[in-house]
Structure formats: C-alpha cells, structure tokens
Amino acid sequence: MLEKFLDKTEFESYDDFMENFHVNVPENFNFGYDVVDEWAAKEPDKPALLWTNDKGEKIQFSFADIKRESDKTASFFQSLGIGHGDMVMLILKRHYQFWFSIIALHKLGATVIPATHLLTKKDIIYRCRMAGIKAIVASGDPVVTAHIDEAMPECPTVKALVSTGPVVPPGWYDFNSSIEKAAPFVRPEHPNTNDDVSLLYFTSGTTGEPKMVAHDFTYPLGHIITGSYWHNLDEKSLHLTLADTGWGKAVWGKLYGQWIAGANVFVYDFEKFEPVDVLHMINDYGITSFCAPPTVFRFLIREDLSKFDLSSLRYCTIAGEALNPSVYEEWLRLTGIRLMEGFGQTETTLTVATYPWLKPKPGSMGKKGPEYDIDLITPDGRSAEDGEHGEIIVRTHGRKPLGLFKEYLNDPQLTYEAYHDGIYHTGDVAWRDEDGYYWFVGRKDDVIKSSGYRIGPFEVESALMTHPAVVECAITGVPDEIRGQVVKATIVLAKDFKARAEEDAEALIKEIQNHVKRTTAPYKYPRVVEFVDELPKTISGKIRRVEIRDKK
C-alpha cells in the first residue's frame, strides 16, 4: 500500500528521509475507497482490527469485514438522508462501530465529528449549533443517551439519533439491527474532492470555547509518517494506541497511518483504566507496538513488570504531553525499550518526532519531519538561535502542507490569527539544541517572565514530578512588584504526604522548593506553593492554567 503513495518507502538515515520522503496525493482521495476497500480487494483476509473488551469478548476483523460492515453502515446512513457535506457526530468510546461509521461517512463524503462520551447537555448543544450537526451516533450508555436527549430541544438541526446499544431510547435507531437491514450500498457518483471537509474536531481549549478544526480529505495521507516512520509499523505489526475515539489521537494511532502501513490495529474497549490490564493485553495478545501519553507510562512503571511477558513489544512511542526524563529512564531500565517522543496538534499531523534513525534525548520531542518546515520565532519576529526560546511555527511557502488543517470552520478571523502570511502559529514555545532536537517549554501564554528570565512551566513541572510528594502539578506565573512575575506551583499531593502538609505545610514546601533547586536551575524554583485536592482541567484532561492564574 505504501508504494501507492510514496516513490521511496525505505530510508537509510534521517537525512535520507528528510531529503527523499514525498507523498503522491491522488485526485479526489478517499480513505474508505482508496485504502480500506483496496486492502479488501487485494488481501481480503488481512487482519485489520483486533477488538476486545473488559468483558472478555474478542473479534478479529479483516479488511474484507471492515469493507462489508462500512458499506452496510453507509447504506443505512444514506437511508437517513446523510450525504456529502453533512455533519455527523460520533460518540462511540472504543466500540468497534466507530470504525464502521467513520469509514462509512468518508465513503459518503460526509463530515465526521468525533466526540467524547464526557460531553454534557451544554457541550452537545454548543457543538450541534456551531456545526449544524445532522445526526448523532452514540454509545447506548444511559448517561450518554440521557445527555443527548436533554440537549435535543435546543438542537434543531439534528434529524436522527442512532444508538449502538445496549440502551436504545424511544425515537432512536438501533445501529446494529439497522445496518443488517440496510439495502445494498450504492457508491455516490462523486463522493468528495480533496478540498472537502472530512473531519472536524472541537479542540478542548484551555482559554475559551472549543474551536472547530477542519481537515480535508487528504488528511489521512499526512499520517503515513505517523504510522510507518514514527510508530515504525509494518504489515506484521499489532499496534495499540490507548486513546478513546473521541480524541484526535485516535485517528493518529488507531486508523489512518496504521492501515496505510497494513498493520493490525488492537483496540481494548474498557470503562475504567487499570494499568495492569494494559500489561495483560501486551502479554496475552502479543502486541508489538504501543503508544500512550507519559501519564500511562508513569502508572505502568509502578507495576511489577516481571509478572508479564512483554517480549513481543518491539517499539513504544509517546505523545499527548511532554515526557519527564525520569519516566523514560525507568521504562528503559525495566523493558530495554526506548520511548520515542512525538509532537503535533489537533491542527496538524506529526510535526516533530524521534524517528527510528535518531537516538532519543530523554525529554526532547525529537527533530522536525519532512512534511513541515518548522522554525522557532522570537517575540520580535526573528528566527530563534539554538538554545533560545521561540514559538514553534510552520512556514508554508504558499501551499498548505499535507496534514495541516484547512481552517477553523466558519471563523475566518480566528483562522487568520493562527495562519497568515505564509506562517501557521502553533502557540507552543520550545527551544532547539545544537543537534537539531526540539525541547518543549510550554504554551506561549504560559511562559513566565521573571527577573529577565523566561521560564517554561514544563521544565519546573518535570523537576517537581521527581519528588515523591507530588502526584500532579501546574506551574503558573503570579505578579510580583520586584521580579515582574514569580513562579507558583499548584500541587496535588500523594496520599502519604497529605498528613505531613497538615502538620507542617511550611516544612514540606521548603523541602519541595529545595528539591527543585537541586534538580533544575535554582532561579526556576517556585517561590509560591499551594496544595490543592485537584487541578482544573478541560474535558480532554488538559490543565487549565488560565483558571489557576485568574483565581483570586
């Protein structure tokens, strides 16, 4: 399959990769027809999706199965009046019906809006009104369907509700029985152009209402690098990315690049995350490749790994938040596997990563890839020198790079603020070392300016997280008459340290401050420390530092 899109598929070095990687983009590309159906025609029995759940159920779907089921689903959607350009929201957790539905909607030229099951009535109303959603396909969990039903009186554009069960409320269609009764699928004559919107994500937003990130139909091709050259997959791979289908990371790790590479996607459908369950999955199914955020690896290294056979695991990648070097070192010690970090946004595909030819530098995101011209710019607009902080930008040279978002839907002003004059502004700050490796500092608005120093939240948080008292933390700047700003640490304490804090908070604060001084540059230590029960977060789990800053 790779040969269909790349002139060269094997690379001897990072330099060879940077110089010779190029994607040939077909006209009117459609992932459903040009990847899924083509695999089904060429190798119908080829494993595509190995789904299992926390009840012990297991189904191995082949590409022929995925074609058949997505065709039935597309026919059912057609019967609901869904077609080109229609907006359909999928709230399907890790249920296999997500894969049937997203491929079906691609085949119809419709727009897919993946969403989390954590949405409340207010969130659903906001999304329906902003996007003009025509149908919602949801997990039939009572809480999920109740929130949707409560929202419907204020969502006039929604014409159909579909449940995958077990609960199918009155007025809803039953997904499973409906696709079985659907007429034979008739492919639309012209499903889409490359420029049509195929995918729409509502970003969680740490400062305001979610933005609508629109991707065109070529977006899956931008994930060839993700699957083949970051996850390092081939046709023998069994790959697990832990993400729920409601988040952008799901199509990064559970769909596009993986199936183009011909890998078998492993899905573990669970209600409650238990680290030991993930280890059982690797042990029991022989998973070869695993991708998860650093938080998951922090949990895994606390388990007794000697109880599990992890010998099938060949490659591990990490993304979603910056990696603390201590996690990298411990995972390497326990498994012998290096964590290969990557960086991107909902608006992009993979922009910076530790590729197979590179030796990881623990805590670094890696080097830039061939699809994006990455640079760092300082507040005065010049390119940052090595070692100097700068905002990560993409220089587009008059063309939209493959994988970069099309626009913030229906918001030209917001689009212009992020993407104008040939530059896409990520809003993230990093620095680059003399070897070309990038190191994350923080969001542009989160960088602290204290006594002439620019201090990134992540570097202080990394130091704090190595103290046993700290379960979770957030670094923000607070006003100071002398220094302009000083560093404040808002900390969730480990259970064993809460009593100590009640007995003598000042002593524990001093201990934590001294620990940071020893672990990183002393000027970065938090002069203000606050202990809290929990940190304010967005619906996707990102810390809302703006809420901490605004707290009086």
Work out which heavy atom in Thr354 is nearest to a heavy atom in Pro360; give both atom names and the distance. CG2-CA, 3.8 Å
Please round to the nearest 0.5 Å and tell me the distance separating atom CG of Asp277 and atom CE of Met281. 6.0 Å
Is there a side-chain contact between Tyr408 and Val213, using heavy atoms and a 4.5 Å cut-off? yes
Looking only at side chains, do Thr193 and Asp195 share a donor and an acceptor under 3.5 Å apart? no
Which value, rounded to the nearest 0.5 Å, describes the distance between Tyr256 atom OH and His106 atom NE2? 2.5 Å
Find out whether Arg314 and Ile337 are in side-chain contact, i.e. whether some heavy atom of one side chain is under 4.5 Å from a heavy atom of the other. no
What orientation do Phe17 and Tyr14 show, parallel under 30°, tilted 30 to 60°, or perpendicular over 60°? tilted
Output the distance between atom CG (Leu6) and atom CD1 (Ile224), rounded to the nearest 0.5 Å. 5.0 Å
Does some side-chain heavy atom of Pro401 sit less than 4.5 Å from a side-chain heavy atom of Thr348? no
Under 3.5 Å, is there a donor on one side chain and an acceptor on the other for Asp216 and Asn194? no
Within a strict 4.5 Å, meaning less than it, do heavy atoms of the Tyr33 and Asn28 side chains meet? no
Out of Leu92, Asp174, Asp141, which residue meets the side-chain contact (heavy atoms from CB on, under 4.5 Å) rule with Thr164? Leu92
Can you list everything that forms a side-chain hydrogen bond (donor to acceptor under 3.5 Å, both in side chains) with Ser79? Sequence neighbours excluded, please. none
Residue that, paired with Asn264, satisfies side-chain hydrogen bond (donor to acceptor under 3.5 Å, both in side chains) out of Glu235, His239, Gln60, Gln258: Gln60
Distance-only polar pair, side chains of His397 and Asp373, donor-acceptor under 3.5 Å: yes
Mark yes when over 12 heavy atoms from residues, nucleotides or ligands other than Lys58 sit less than 6.0 Å from its NZ; otherwise mark no. no
How close do Gly342 and Leu350 get, heavy atom to heavy atom, and via which atoms? CA-CD1, 4.0 Å
Tell me whether His117 contacts the main-chain N or O of Ala138 through its side chain, where contact means a donor paired with an acceptor under 3.5 Å. no
Could you grab the distance from atom OG1 of Thr9 to atom CG of Asp7, nearest 0.5 Å is fine? 10.0 Å
Cation over ring, Arg94 on Phe270, under 6.0 Å and within 45°? yes
Is the number of heavy atoms from other residues, nucleotides or ligands within 6.0 Å of CZ (Phe308) greater than 12? yes
Step-by-step side chain to side chain contact (heavy atoms under 4.5 Å, CB included) determination, Leu242 to Phe273: CA-CA 10 Å; Leu242 209 57; Phe273 170 69; 3.8 Å; yes
Under 3.5 Å, side chain of Lys249 to main-chain N/O of Gly253, donor-acceptor pair present? no
With a 3.5 Å distance limit and no angle check, can you tell me whether Lys444 reaches the backbone of Glu391 through a side-chain donor-acceptor pair? no
In terms of side-chain heavy atoms, does Tyr372 have a donor or acceptor partner in Thr349 at a distance below 3.5 Å? yes
Does Gln345 reach the side chain of Tyr424, with side-chain heavy atoms less than 4.5 Å apart? yes
Between Arg443 and Asp428, is the closest basic N to carboxylate O distance under 4.0 Å? yes
Minimum heavy-atom separation for Leu221 and Glu371, please, with both atom names. O-OE2, 4.1 Å
Is it true that a side-chain atom of Ser228 and a backbone atom of Ala261 form a donor plus acceptor pair closer than 3.5 Å? no
Are the side chain of Thr52 and the backbone N or O of Glu57 linked by a donor-acceptor pair below 3.5 Å? yes
Within the 4.5 Å heavy-atom criterion, are Thr288 and Ser237 side-chain neighbours or not? yes
Given side chain to side chain contact (heavy atoms under 4.5 Å, CB included), test Thr203 with Glu347 step by step and report yes or no. CA-CA 9 Å; Thr203 60; Glu347 289 88 344; 4.2 Å; yes
Phe290 pairs by side-chain contact (heavy atoms from CB on, under 4.5 Å) with which of Thr317, Leu300, Leu339? Leu300
Using side-chain heavy atoms (C-beta onward) and a distance below 4.5 Å, is Gln97 in contact with Ile179? no
Return yes if a side-chain donor-acceptor contact under 3.5 Å exists between Tyr419 and Glu407, otherwise no. no
Donor-acceptor pair, Trp39 side chain versus Ala48 backbone, under 3.5 Å? no
Mark yes or no for whether Asp54, through its side chain, and Glu271, through its backbone, hold a donor-acceptor pair below 3.5 Å. yes
Out of curiosity, Leu358 CG to Ser364 OG, how far, rounded to the nearest 0.5 Å? 9.0 Å
To the nearest 0.5 angstrom, please state how far the NZ atom of Lys67 sits from the NZ atom of Lys72. 12.0 Å
Would you say the rings of Tyr285 and Tyr268 are close, in the sense that their centroids are separated by under 6.0 Å? no
Might you point out which heavy atoms bring Asp123 and Leu118 nearest each other, and give the distance in Å? OD2-O, 4.3 Å
Keeping Asn283 on the side-chain end and Asp309 on the backbone end, is there a donor-acceptor pair under 3.5 Å? yes
Can you name the ring pair (Phe, Tyr, Trp, His ring centres under 6.0 Å) partners of His420, sequence neighbours left out? Tyr416, His425
In Asn192, Asp71, Thr73, Asn30, the residue satisfying side-chain hydrogen bond (donor to acceptor under 3.5 Å, both in side chains) with Lys107 is Asp71
Check: Tyr438 ring centre within less than 6.0 Å of Phe343 ring centre: no
Do the side chains of Glu330 and Arg298 get close enough for a salt bridge, i.e. N-O under 4.0 angstrom? no
Begin with the C-alpha distance, continue with both residues' side-chain angles, and end with the deciding distance and a verdict on side chain to side chain contact (heavy atoms under 4.5 Å, CB included) for Ile102 and Phe31. CA-CA 10 Å; Ile102 191 169; Phe31 184 80; over 6 Å; no
Measure centre to centre between the rings of Phe61 and Phe100, then say whether the value is under 6.0 Å. yes
May I ask you to check whether Asp15 and Ser13 show a side-chain donor-acceptor distance below 3.5 Å? no
For the residue pair Trp439 and Phe458, is the inter-centroid distance of their aromatic rings smaller than 6.0 Å? no
Indicate yes or no for a side-chain donor-acceptor contact from Lys134 to the backbone of Gly81 under 3.5 Å, with no hydrogens or angles considered. yes
Can a donor-acceptor pair be found, under 3.5 Å and without considering hydrogens, that links the side chain of Lys367 to the backbone of Asp435? yes
Measure across Pro47 and Phe63 and return the closest heavy-atom pair with its distance rounded to 0.1 Å. O-CE1, 3.7 Å
With side chain to side chain contact (heavy atoms under 4.5 Å, CB included) as the criterion, how do Ile148 and Ile91 come out once you've worked through the C-alpha distance, each side chain's angles and the decisive distance to 0.1 Å? CA-CA 10 Å; Ile148 295 170; Ile91 308 177; 4.1 Å; yes
Heavy-atom pair with the smallest gap, counting every atom of Ile282 and Ser312: O-OG, 3.7 Å
Do His223 and Leu255 have side chains that approach each other closer than 4.5 Å (heavy atoms only, starting at C-beta)? no
